[in-house]
Amino acid sequence: MKTWVVRIVSVLVLVLAGAWLVSATEWAETEVPTPASEEVKKNSFYAVQSLLRLLGAEVVRRESLDELPPAQARLVLSSSYWDMFPEREQRLRRWVEQGGHLVMPGHLASRDMLESWIPLVREKPVRPDESDEPAAPKKKKSRSQRDEQRIKDADCRMLTEPDTVPASFAGGRSFRICTWAEPVQFSPADKRQPPPWMARGARGAEAIRVRVGQGTVTLLPSGVWHNQNLLRGDNALFAVAALQLRTAGSQVWFVAEEAREPFLRWLWQKSWVVWVVGLLALAAALWRAAVRFGPLAPSASTHRRSMAEQVRGTAGFLHMHGSDALHAAQLRALNESATRQLRGYAHRDAAARADAIAKATGLEAAMVVRAMADRARNPGAMALDLEVLETARRRLDANGPFVLSPSSASSSPSTP
């Protein structure tokens with residue numbers, strides 16, 4: 001019985017909670033903007049380019065002004081660094097004079113361009129509420145403030161084509177443009193010749209077109225064609241009017257940036273041969289300077305000279321230097337070998353050296369002393385002393401005992 005009561009109470013609680021939730025909740029539809037694609041994020045003029053393609057124009061997007069469009073084409077130039085190379089302005093001027101149509105924001109028209117080849121004059125902005133009091137300096141608006149201003153359409157204004165120029169569209173001469181950029185006003189340098197097209201606002205002419213040779217130059221307010229502004233007001237109509245799109249198939253080039261290939265990649269493509277040779281030379285230099293695990297060349301094998309070579313070498317040495325020099329050379333070879341084999345040999349006197357050699361080689365001490373002594377010798381004594389010195393050297397190098405023959409042990413060098 002208690003189980004049924006608990007179940008009934010639980011159901012009633014759930015029904016009451018659901019009824020309260022339905023009465024206290026209001027369902028409303030909310031528009032969620034579609035996230036921009038990667039192409040839209042990278043291309044600020046994606047919207048106007050899509051519009052021009054729908055109108056039949058051929059749109060070409062370039063990342064720099066290294067190449068100019070063909071004659072009679074439209075060039076929308078909005079890169080702030082388009083004149084980073086001095087010769088570009090001259091090339092652009094020749095292209096316009098030969099029939100090209102240049103469209104660019106008014107703030108990119110430098111004073112040199114206006115004075116040299118674009119017949120326009122930058123006017124001082126005229127404000128309807130201008131007073132004699134100095135205006136306070138303007139602070140740059142943040143992105144959130146600009147977005148709020150765009151939502152409220154506070155940055156929109158009217159531009160009108162005057163009666164002195166032909167109307168772009170049959171429906172009227174006025175455009176409601178919306179942009180956050182500060183307008184720049186221009187006027188023709190020659191007041192007697194009216195411009196082919198112009199759109200004036202409350203502060204002056206913000207859009208104007210003039211003839212330069214066989215082509216034209218059109219200056220517009222900045223920011224009208226950006227993705228976030230194109231669908232506001234009459235910006236789309238204003239863009240088509242500025243481009244003079246009369247027939248389908250017109251070619252429109254967009255240069256909005258000066259994108260360059262990374263310097264190292266460009267350097268590799270242009271001079272990869274030099275890089276490869278330089279890296280190989282660097283590797284060879286490092287290899288030569290590195291620590292080696294062996295000698296530069298294999299050591300020459302020690303071969304015993306033949307008896308004939310020994311006799312010829314000794315005879316030649318005696319002929320050139322005499323027997324005393326031969327004894328000195330033999331004694332020097334023995335001292336070098338003893339220095340390597342006997343510890344402390346270099347610090348001993350002559351008698352101690354002879355005794356050490358005799359003990360290490362097994363030769364008689366008196367024989368070694370006589371052989372090492374600096375004295376006069378007859379040919380027989382010289383031969384015996386040389387034999388003793390050479391025998392001692394070889395035994396030291398071989399580090400092994402040597403027993404003289406009885407004749408050699410009993411014989412002693414005679415003193416002349």
Side-chain angles (χ1 to χ4, degrees), residues 48 74-78 80 83 96 101-141 146 149-150 152-169 171-212 215-226 229-230 232-244:
V48 68
R74 277 74 172 163
L75 172 61
V76 179
L77 182 61
S78 61
S80 301
D83 56 348
V96 173
H101 301 282
L102 174 63
V103 182
M104 61 189 303
H107 71 275
L108 292 183
S110 63
R111 181 176 300 178
D112 295 337
M113 296 175 62
L114 298 179
E115 293 178 354
S116 59
W117 60 282
I118 299 181
L120 290 174
V121 177
R122 191 188 301 267
E123 293 183 348
K124 181 181 178 181
V126 179
R127 303 180 184 277
D129 54 349
E130 190 175 17
S131 60
D132 296 337
E133 297 180 0
K138 278 195 171 184
K139 294 182 179 180
K140 188 176 181 180
K141 297 180 180 180
R146 292 199 304 266
Q149 187 179 18
R150 185 169 63 251
K152 297 179 180 180
D153 285 344
D155 57 350
C156 297
R157 55 187 179 273
M158 296 299 296
L159 297 183
T160 304
E161 297 174 338
D163 296 335
T164 56
V165 300
S168 300
F169 302 100
R173 291 178 171 269
S174 297
F175 300 93
R176 183 171 177 265
I177 66 168
C178 303
T179 176
W180 63 80
E182 186 70 17
V184 182
Q185 290 79 33
F186 296 93
S187 63
D190 187 2
K191 303 296 184 181
R192 297 170 299 178
Q193 185 176 0
W197 180 77
M198 181 171 55
R200 300 182 61 87
R203 304 177 182 179
E206 298 185 23
I208 190 170
R209 179 183 301 128
V210 292
R211 296 190 179 278
V212 178
T216 60
V217 176
T218 304
L219 301 183
L220 300 176
S222 179
V224 175
W225 293 357
H226 284 73
N229 286 336
L230 184 67
R232 301 177 59 208
D234 297 328
N235 288 1
L237 290 175
F238 192 74
V240 176
L243 287 173
Q244 312 177 62

S.K.: Would you compute the distance between atom CG of Leu159 and atom OG of Ser174 and round it to the nearest 0.5 angstrom?
M.R.: 9.0 Å
S.K.: Quick one: NE2 on His107 to CG on Leu219, what's the gap to the nearest 0.5 Å?
M.R.: 11.0 Å
S.K.: Under 3.5 Å, side chain of Arg157 to main-chain N/O of Ile177, donor-acceptor pair present?
M.R.: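 No, because the side chain of Arg157 does not come within donor-acceptor range (under 3.5 Å) of the backbone of Ile177.
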S.K.: Between the side chains of Arg232 and Asn235, does any donor sit under 3.5 Å from an acceptor?
M.R.: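 Arg232 vs Asn235: no donor-acceptor pair found between side chains.
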S.K.: The test is side-chain contact (heavy atoms from CB on, under 4.5 Å); show your working for Arg173 and Val165 and say whether it passes.
M.R.: CA-CA 10 Å; Arg173 291 178 171 269; Val165 300; 4.3 Å; yes
S.K.: For Gly106 and Phe186, work out which heavy atoms get closest and say how close.
M.R.: O-CZ, 3.5 Å
S.K.: Please name the pair of heavy atoms, one in Pro196 and one in Pro166, separated by the smallest distance, quoted to 0.1 Å.
M.R.: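 Looking at all heavy atoms of both residues, the shortest contact is O-CD, 3.6 Å.
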S.K.: Do Arg122 and Gln185 have side chains that approach each other closer than 4.5 Å (heavy atoms only, starting at C-beta)?
M.R.: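 No - every pair of side-chain heavy atoms lies 4.5 Å or more apart.
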S.K.: Where is the tightest heavy-atom contact between Glu161 and Phe175, given as atom of each residue plus distance?
M.R.: OE2-CE1, 3.4 Å
S.K.: When rounded to the nearest 0.5 angstrom, what distance separates CZ in Arg111 from OG in Ser116?
M.R.: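 Rounded to the nearest 0.5 Å, the CZ-OG separation comes out at 12.5 Å.
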S.K.: What distance do Leu220 atom CG and Leu243 atom CG have between them, rounded to the nearest 0.5 Å?
M.R.: 8.0 Å
S.K.: Closest approach of Phe169 and Ala241, non-hydrogen atoms and distance?
M.R.: CE1-CB, 4.0 Å
S.K.: Got Pro188 and Gln193 here, is their nearest side-chain heavy-atom distance under 4.5 Å?
M.R.: no
S.K.: Just how far is it from atom CG of Leu77 to atom CG of Leu108, taken to the nearest 0.5 Å?
M.R.: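 One finds 6.5 Å between CG of Leu77 and CG of Leu108.
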S.K.: Are side-chain heavy atoms of Phe238 and Pro221 found at a separation under 4.5 Å?
M.R.: yes
S.K.: Just by distance, do the side chain of Arg74 and the backbone of Ala242 share a donor-acceptor pair under 3.5 Å?
M.R.: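 Not confirmed, Arg74 side chain does not pair with Ala242 backbone.
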S.K.: Carefully, step by step, assess Trp197 and Thr216 under the rule side-chain contact (heavy atoms from CB on, under 4.5 Å).
M.R.: CA-CA 10 Å; Trp197 180 77; Thr216 60; over 6 Å; no
S.K.: Donor-acceptor pair, Asn229 side chain versus Thr179 backbone, under 3.5 Å?
M.R.: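 No, the answer is negative, given that no donor and acceptor are paired below the 3.5 Å cut-off.
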S.K.: Let me see the working for Arg176 and Asp234 under side-chain contact (heavy atoms from CB on, under 4.5 Å), right down to the final yes or no.
M.R.: CA-CA 5 Å; Arg176 183 171 177 265; Asp234 297 328; 3.7 Å; yes
S.K.: Nearest heavy-atom pair of Met104 and Ala109: which atoms, and what distance?
M.R.: CE-N, 4.1 Å
S.K.: Roughly how far, to the nearest 0.5 Å, is the CE atom of Met198 from the CZ atom of Arg209?
M.R.: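 Output value for this atom pair is 11.5 Å.
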